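Throughout, a chain's letter reflects where its sequence line sits, starting with A, and its residues are numbered from 1. In this text, all values refer to a predicted model and were calculated from it rather than measured experimentally.
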There are 2 protein chains.
Amino acid sequence: MKRDSRLSSVLHALLHMAAHDAPMTSDVLARCMGTNPVVVRRTMAGLREAGLVKSEKGHNGGWSIACDLEAVTLRDIHAALGEPAVFAIGHRNEAPECLVEQAVNAALDDTFREVEALLLERFSRLTLAQLAEDFARRLAAHRQQMRNKPDAV
Amino acid sequence: MKRDSRLSSVLHALLHMAAHDAPMTSDVLARCMGTNPVVVRRTMAGLREAGLVKSEKGHNGGWSIACDLEAVTLRDIHAALGEPAVFAIGHRNEAPECLVEQAVNAALDDTFREVEALLLERFSRLTLAQLAEDFARRLAAHRQQMRNKPDAV
DNA sequence: GCTTCATGTAACTTTTGATATTACGAAACT
DNA sequence: AGTTTCGTAATATCAAAAGTTACATGAAGC
């Protein structure tokens, strides 16, 4: 089952953009995310509509953050991506005749509904600022390490 | 994102088998699940190894339940299917160099770990017997409805 | 013992959804 | 004007899952 990595990609892009003063082009973002500029534009389109980023054409154009990192949560970004399916597990048949299958679907639906609610709740507690802070911590630790062992990889 | 419906399919099959005295052939199961007998065998192979069902060759052969419906939970069945991925959302890059991506992955991993734990906990509380009971309830309700409106679809 | 029914499994094909690519238009800057 | 960059439609590529074919194995019935 191949997984949808748009959320992860977009977060990656947003944090890079947050650390940059100037706009970043789709091309640069694509290279740093290991994908294609058109894919970047397509993916970011949802975020632009949600007002999380803005894009500018022409020289010195590109993408930049248009929101408060403290205020925006993963929940918002997930929504901006169109609330893609969370689970890789589902039914074969959405509205079956068979009563056995109806019973199975009902039980699974209940469970997935509850679990998805928890996921979204967790998402809504994670802000971009928190991620940025965690990144800053990792960067400091990494630099410290480099200082101690300048030759190590 | 296409969803893996094996869990749902297998539950459907198990409940049908539980309601049948004689073994059911892969062919019959496949027809009732809208799939292919070879796929049924492939999918059920895991359950057989886990001792949840047994298969017999030749005349009057086929699949039958080999476990206590009260004792077996969805968790067991999920395990017997090889613990397939639960989430449709994941990372692009499992072990990135980029510290930004590491921070993003760490946050998402934490969240998904917690949410998956809840899902598995819920699965472990749902027994086959409970599903069978729910089916019986639906069947009774359906029969009642038929009795009241014998002409309706 | 021979035939039939059924599973077991490997190899192969088809399907499908996601991603990537190509192409070209529109806007903005120099 | 010419270059840069986004916007987007159309198309191609790819990979994973599902389906199919083919054949071997074993069990039951005659």
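- Between the NZ atom of A:Lys2 and the P atom of D:dT13 there is a distance of 15 Å, given to the nearest Å.
- Rounded to whole Å, atom C1' of D:dT5 lies 16 Å from atom NZ of A:Lys54.
- Remark: nothing in residues 17-33 of chain B comes within less than 4.0 Å of DNA chain D through any heavy atom.
- One can place CG of A:Asn36 at 12 Å from P of D:dC6, the figure rounded to the nearest angstrom.
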Donor-acceptor contacts under 3.5 Å from residues 74-86 of chain A side chains, at least two apart:
{"unit_1": "A:Arg75", "atom_1": "NH1", "unit_2": "A:Glu83", "atom_2": "OE2", "d": "3.3"}
{"unit_1": "A:Asp76", "atom_1": "OD2", "unit_2": "A:Thr73", "atom_2": "N", "d": "2.8"}
{"unit_1": "A:Asp76", "atom_1": "OD2", "unit_2": "A:Thr73", "atom_2": "OG1", "d": "3.2"}
{"unit_1": "A:His78", "atom_1": "NE2", "unit_2": "A:Pro84", "atom_2": "O", "d": "3.3"}

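- Taking atom CZ of B:Arg42 as the reference point, atom C1' of D:dA18 lies 7 Å away to the nearest angstrom.
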Contacts under 3.5 Å, N or O only, protein and nucleotides 23-30 of chain C:
{"unit_1": "C:dA27", "atom_1": "O4'", "unit_2": "A:Lys57", "atom_2": "NZ", "d": "3.4"}

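- A single hydrophobic cluster is not seen to contain both B:Val100 and A:Met146; linkage of ILVMFWY side chains at heavy-atom distances under 4.5 Å, directly or through other members, places them apart.
- Applying the 6.0 Å contact sphere to CD of B:Glu97 captures no more than 12 heavy atoms from other residues, nucleotides or ligands.
- The interatomic distance linking B:Leu7 (CG) with D:dA18 (P) rounds to 13 Å, in whole Å.
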Listed pairs under 3.5 Å, donor-acceptor, residues 37-46 of chain A side chains, sequence neighbours left out:
{"unit_1": "A:Arg41", "atom_1": "NE", "unit_2": "A:Ser26", "atom_2": "OG", "d": "3.3"}
{"unit_1": "A:Thr43", "atom_1": "OG1", "unit_2": "A:Val39", "atom_2": "O", "d": "2.7"}

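- With sequence neighbours excluded, the residues forming a salt bridge (Lys or Arg N to Asp or Glu O under 4.0 Å) with A:Glu121 are A:Arg125, listed by chain and number.
- Side chain of A:Arg48, nearest nucleotide from D:dG19, D:dG7, C:dT19: D:dG7.
- Looking at residues two or more places apart in sequence or on another chain, you find a side-chain contact (heavy atoms from CB on, under 4.5 Å) between B:Glu70 and B:Asp68, B:Ala129.
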Could you list the donor-acceptor pairs under 3.5 angstrom formed between side-chain atoms of residues 5-15 of chain B and any protein atom two or more places apart in sequence or on another chain?
{"unit_1": "B:Arg6", "atom_1": "NE", "unit_2": "B:Asp4", "atom_2": "OD1", "d": "3.2"}
{"unit_1": "B:Arg6", "atom_1": "NE", "unit_2": "B:Asp4", "atom_2": "OD2", "d": "3.4"}
{"unit_1": "B:Arg6", "atom_1": "NH2", "unit_2": "B:Asp4", "atom_2": "OD2", "d": "3.0"}
{"unit_1": "B:Ser9", "atom_1": "OG", "unit_2": "B:Ser5", "atom_2": "O", "d": "2.9"}
{"unit_1": "B:His12", "atom_1": "NE2", "unit_2": "B:His16", "atom_2": "NE2", "d": "3.0"}

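- Between A:Thr35 and the phosphate of C:dT19, there is no side-chain N or O to OP1/OP2 separation shorter than 4.0 Å.
- Rounding to whole angstrom units, CE of residue A:Met44 and P of C:dT19 are separated by 16 Å.
- Shown here are the side-chain contact (heavy atoms from CB on, under 4.5 Å) partners of A:Lys54, two or more places apart in sequence or in another chain: A:Glu56, A:Ser64, A:Ala66.
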* Asked: How does DNA chain D look in dot-bracket form if you count Watson-Crick and G-U pairs under 3.5 Å, write [ ] for pairs that cross, and put | where a base pairs with another strand?
  -> ||||||||||||||||||||||||||||||

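- Scanning atom types as modelled, no donor and acceptor separated by under 3.5 angstrom connect the side chain of A:Arg3 and the base of D:dA16.
- Across the protein-nucleic acid pair, B:Arg92 atom CZ and D:dA15 atom C1' stand 14 Å apart, rounded to whole Å.
- Atoms CH2 (A:Trp63) and C1' (D:dT4) sit 15 Å apart, rounded to a whole Å.
- Evaluation of the side-chain contact (heavy atoms from CB on, under 4.5 Å) rule for A:Glu94 yields A:His91 as partners, not counting sequence neighbours.
- Partners of A:Arg113 according to the salt bridge (Lys or Arg N to Asp or Glu O under 4.0 Å) rule, which considers only residues two or more places apart in sequence or in another chain, are A:Asp110.
- Legend: residues meeting side-chain contact (heavy atoms from CB on, under 4.5 Å) with B:Ala141, ordered by chain and number and at least two apart, are absent.
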